[in-house]
Protein chains: 2
Amino acid sequence: MALEHAILVSLLEKPGSGYELARRFERSIGYFWTATHQQIYRVLKRMETDGWVAAREVPQQGRPDKKEYSVADLGQAALSSWLHEPIEPESVRHDLAVKIRGAAFDDPAALVREVERHRQVHTDRLAHYLAGEERDFPGEYPAGAGVEPDAERELQHVVLRGGIAYERMMIAWLDDVLTTLRRFGPGR
Amino acid sequence: MALEHAILVSLLEKPGSGYELARRFERSIGYFWTATHQQIYRVLKRMETDGWVAAREVPQQGRPDKKEYSVADLGQAALSSWLHEPIEPESVRHDLAVKIRGAAFDDPAALVREVERHRQVHTDRLAHYLAGEERDFPGEYPAGAGVEPDAERELQHVVLRGGIAYERMMIAWLDDVLTTLRRFGPGR
DNA sequence: CGTTGCTATGCAACTGGTTGCATAGCAGGA
DNA sequence: TCCTGCTATGCAACCAGTTGCATAGCAACG
């Protein structure tokens with residue numbers, strides 16, 4: 001399980017409340033790890049009792065108070081030991097691939113719309129990533145010349161580049177899928 | 001949930017026992033949908049009581065008997081209706097991306113080995129896919145000239161091409177990650 | 001003043017997936 | 001003969017993740 005660790009990383013990058021974390025999981029972090037707010041609150045509570053994070057009541061004006069969490073020493077240690085133990089390359093789950101192979105026993109042409117919809121989602125995500133890269137990492141080259149560069153920033157960037165590469169690959173593949181599907185007439 | 005549907009597709013491609021399905025989920029299907037044998041047996045039993053699949057006792061020589069499952073009409077209908085309803089583009093979970101961003105708060109250089117290990121796994125999978133493509137789809141071109149081509153075969157191929165594209169993308173990205181990681185010295 | 005909507009947190013029930021363990025047939029080698 | 005190993009199936013307990021619902025503060029709008 002890596003939700004705890006994803007939360008630790010996010011809180012190290014910037015402390016925040018459960019609510020704020022949930023919002024981050026809808027955006028940047030959410031592109032490689034998803035979690036609902038219920039899950040986050042539950043895990044956060046467990047992490048607090050385990051001493052991984054410390055909570056601080058923050059009164060706010062114009063909105064309800066919040067509990068701002070930050071990483072405690074135990075949490076830092078837990079993250080560190082997790083980083084040092086090997087993990088298995090993630091197991092993939094592609095519903096769409098199941099559908100595509102299943103379409104052979106139904107109506108291949110009927111999948112075209114669905115695949116086009118997915119393609120649109122990936123195109124949107126790519127545009128969103130590229131905008132984020134433009135905004136947060138302008139004028140940076142993969143092989144920058146600076147001595148001892150900023151690790152946090154560079155590593156965020158390389159993860160983002162991974163997202164970009166993934167979306168580009170998906171779009172190209174979905175085009176391949178569409179070409180293939182369109183070779184079959186309607187009906188079975 | 002798509003495990004039921006993945007099983008239906010697999011059984012339509014070729015009927016088989018729970019054990020055989022479990023083995024398939026370790027290979028071809030397993031590359032876009034994972035499942036353990038326990039999960040498969042449990043779901044298979046439910047599918048049988050729901051009338052989605054039919055079981056047939058097959059006595060074997062030299063090994064225990066097996067229950068061979070094949071898809072029933074209700075299962076075919078269930079698959080068809082699933083194929084026609086839209087699904088959300090899958091939520092990704094990349095432990096490695098969490099680790100990479102987390103490495104900024106620990107020791108970036110210590111991740112090099114782990115990333116190299118992952119790169120090796122993806123290289124192996126790519127080789128495995130390419131060998132399978134060579135074996136099962138020799139001398140085929142993306143835009144084949146045949147009229148009314150074999151849907152099952154072509155759709156299996158396009159899914160395989162997706163796997164190949166994914167592995168190539170991952171290898172290239174992991175190289176990018178390694179280059180980035182190596183710019184940081186050991187220790188924090 | 002009531003409604004809508006955003007921030008902020010949480011419980012309870014359920015479903016899907018994992019892990020550990022158990023059983024049994026049979027083959028082949030030590 | 002016993003042990004290892006592969007085929008084949010399954011139970012029980014647990015853990016992670018989802019869904020539905022509930023509450024509450026406060027702002028802005030009509």
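Below, chains carry the letters A, B, ... as their sequence lines are ordered, and counting in each starts from 1.
When all heavy atoms are compared, the tightest approach of A:Pro89 to B:Arg125 is CB-NH2, 4.1 Å. Closest non-hydrogen pair, B:Gly18 versus B:Ile40, comes out as O-CG2, 4.0 Å.
A:Glu133 has no carboxylate O lying under 4.0 Å from a charged side-chain N of A:Arg161, or vice versa, which leaves the two without a salt bridge.
Using modelled atom types and a 3.5 Å distance limit, the side chains of A:His84 and B:Asp107 yield no donor-acceptor pair. Side-chain contact, B:Ser70 with B:Arg56: no donor N or O sits under 3.5 Å from an acceptor N or O.
Here C:dC6 presents its C1' atom at 15 Å from NZ of A:Lys66, a figure rounded to the nearest Å. When rounded to the nearest whole Å, the span between CZ of A:Arg93 and C1' of C:dG17 equals 7 Å. Atoms CD (A:Gln39) and C1' (C:dG16) sit 13 Å apart, rounded to a whole Å. Going from atom CD of B:Glu4 over to atom C1' of C:dG16 covers 10 Å, rounded to whole Å.
Take the nearest nucleotide of DNA chain D for A:Leu3 and for B:Glu68: the residue whose nucleotide is more 5' is B:Glu68. When each of A:Gln38 and A:Trp33 is assigned the nucleotide of DNA chain D with its nearest heavy atom, A:Trp33 is the one assigned upstream, toward the 5' end. Nearest-nucleotide positions on DNA chain C for A:Asp65 and A:Arg42 put A:Asp65 closer to the 5' end.
At the heavy-atom level, B:Gln60 lies under 4.0 Å from the strands shown only through sugar-phosphate atoms. Counting non-hydrogen atoms under 4.0 angstrom, B:Thr34 reaches nothing in the nucleic acid.
Chain B approaches DNA chain D over the interval D:dT7 to D:dG17, counting the first and last nucleotide 5' to 3' with an atom under 4.0 Å from its heavy atoms.
Judged by distance alone, with hydrogens and angles left aside, the side-chain atoms of B:Gln76 form a donor-acceptor pair with the main-chain N or O of A:Phe105 at under 3.5 Å.
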